[in-house]
Amino acid sequence: MFDINKEFSLPEIISFLENRNFENVGFTNDHAYINASGIEEGLLIESTDNKVTDDNIELAVKVLKELKKCIDNAHKWLEHFNLKNDRWYPEALDEGFEISGIYVGKYECGHFRKPLKEGFTITFSTKNYYPCEFTVKFYKNMHPFAVEEWVL
């Protein structure tokens, strides 16, 4: 039974997904949700009628198994942000970033309605307080192609 307060390690989540064990997964209208240790917003996977496609399960497992590589690739995009001239938060990026959420499935890209992309996103917040989050978008082939900044 899904417990909103219970968190799981990445190896535990990988095992749940590989074994198609959804006992510790919460479902909303269009997402499966797993609380992940150290990831504030957890892992979201696109679902329909409380079912997750095999493709999304396999991609989620691959992302979690290769998370370090995904983070390293995402950081290459995040390195372009510079706040040294910011009046209020010049040191906000000095400590780096931490993952605040992972999403696997179809998502929009950009401000204009475009065809949905299939892949995954990793959202980061700064370790030093900064009132924004940064979402790095990846294709299914694990390559990042965009980053969006979100004001909190």
Side-chain angles (χ1 to χ4, degrees), residues 2-18 21-47 52 56-112 114 116-152:
F2 179 69
D3 179 355
I4 190 76
N5 296 312
K6 187 161 182 173
E7 293 184 349
F8 300 95
S9 68
L10 294 183
E12 288 174 312
I13 294 170
I14 290 167
S15 176
F16 297 157
L17 295 173
E18 287 179 331
N21 175 359
F22 294 100
E23 181 178 309
N24 294 302
V25 177
F27 285 92
T28 65
N29 292 338
D30 53 2
H31 294 98
Y33 176 76
I34 305 172
N35 291 320
S37 298
I39 300 175
E40 182 180 333
E41 297 170 17
L43 171 67
L44 281 175
I45 305 173
E46 178 185 19
S47 69
V52 181
N56 282 343
I57 291 171
E58 290 169 18
L59 181 57
V61 167
K62 186 173 182 179
V63 168
L64 296 177
K65 284 183 174 180
E66 297 183 27
L67 189 56
K68 181 171 177 0
K69 180 180 175 184
C70 295
I71 291 169
D72 290 345
N73 287 336
H75 280 164
K76 293 174 187 170
W77 284 74
L78 297 173
E79 288 172 355
H80 296 288
F81 289 95
N82 181 345
L83 299 177
K84 291 302 176 194
N85 295 320
D86 187 281
R87 185 183 338 175
W88 294 289
Y89 303 100
E91 288 88 30
L93 303 180
D94 290 353
E95 299 273 328
F97 298 90
E98 57 193 5
I99 297 176
S100 60
I102 300 172
Y103 171 79
V104 176
K106 293 180 185 142
Y107 55 86
E108 291 182 0
C109 185
H111 297 288
F112 304 103
K114 294 183 180 180
L116 295 177
K117 302 282 185 200
E118 286 189 56
F120 65 98
T121 66
I122 302 175
T123 300
F124 295 87
S125 58
T126 61
K127 290 181 182 177
N128 284 343
Y129 176 76
Y130 183 63
C132 291
E133 287 189 329
F134 304 86
T135 298
V136 180
K137 297 184 174 193
F138 292 78
Y139 293 115
K140 285 175 73 172
N141 66 6
M142 311 292 281
H143 292 287
F145 68 90
V147 64
E148 293 181 354
E149 182 178 6
W150 301 92
V151 178
L152 301 176

Can you give me the closest heavy-atom contact between [X] and [Y], atom names plus distance?
| X | Y | answer |
| --- | --- | --- |
| E46 | N56 | O-ND2, 3.5 Å |
| I45 | A60 | CD1-CB, 3.8 Å |
| A32 | S47 | N-OG, 3.5 Å |

Single hit among I13, I39, I34, L10 for side chain to side chain contact (heavy atoms under 4.5 Å, CB included) with I102: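 By the side chain to side chain contact (heavy atoms under 4.5 Å, CB included) criterion, I102 pairs with just one of I13, I39, I34, L10: I39.
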F8 and L43, any side-chain heavy atoms less than 4.5 Å apart: no
L83 and P90, any side-chain heavy atoms less than 4.5 Å apart: no
Residues in side chain to side chain donor-acceptor pair (under 3.5 Å) with [X], at least two apart?
| X | result |
| --- | --- |
| E7 | none |
| S15 | N19 |
| Y33 | N35 |

Measuring from [X]:[atom1] to [Y]:[atom2], what's the distance to the nearest 0.5 Å?
| X | Y | atom1 | atom2 | value |
| --- | --- | --- | --- | --- |
| F138 | Y103 | CZ | OH | 15.0 Å |
| E41 | E133 | CD | CD | 5.0 Å |
| K140 | E58 | NZ | CD | 9.0 Å |
| M142 | L59 | CE | CG | 6.5 Å |

Verdict with reasoning, L17 to V52, per side chain to side chain contact (heavy atoms under 4.5 Å, CB included): CA-CA 10 Å; L17 295 173; V52 181; over 6 Å; no
Passing candidate, ring-ring contact (aromatic ring centres under 6.0 Å, His included) with F134, options F97, W150, W77: F97
Considering only distance and modelled atom types, tabulate donor-acceptor pairs under 3.5 Å from the side chains of residues 62-71, sequence neighbours left out.
from	atom 1	to	atom 2	distance (Å)
K65	NZ	E18	OE2	2.7
K68	NZ	D72	OD2	3.2

Over 12 foreign heavy atoms within 6.0 Å of CG, N141: yes
Qualifying side-chain hydrogen bond (donor to acceptor under 3.5 Å, both in side chains) pairs with a residue from residues 120-129, counting only residues at least two apart or across chains: T123-T135
Plane angle bin for Y107 and F145 - parallel if under 30°, tilted between 30 and 60°, otherwise perpendicular: parallel
Side chain to side chain contact (heavy atoms under 4.5 Å, CB included) evaluation trace for L78 with F124: CA-CA 9 Å; L78 297 173; F124 295 87; 3.7 Å; yes
Salt bridge (charged side-chain N to carboxylate O under 4.0 Å, His left out): pairs with one or both residues in residues 86-103, sequence neighbours excluded: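 As it turns out, the salt bridge (charged side-chain N to carboxylate O under 4.0 Å, His left out) pairs with a partner in residues 86-103, which skip direct neighbours, are K84-D94.
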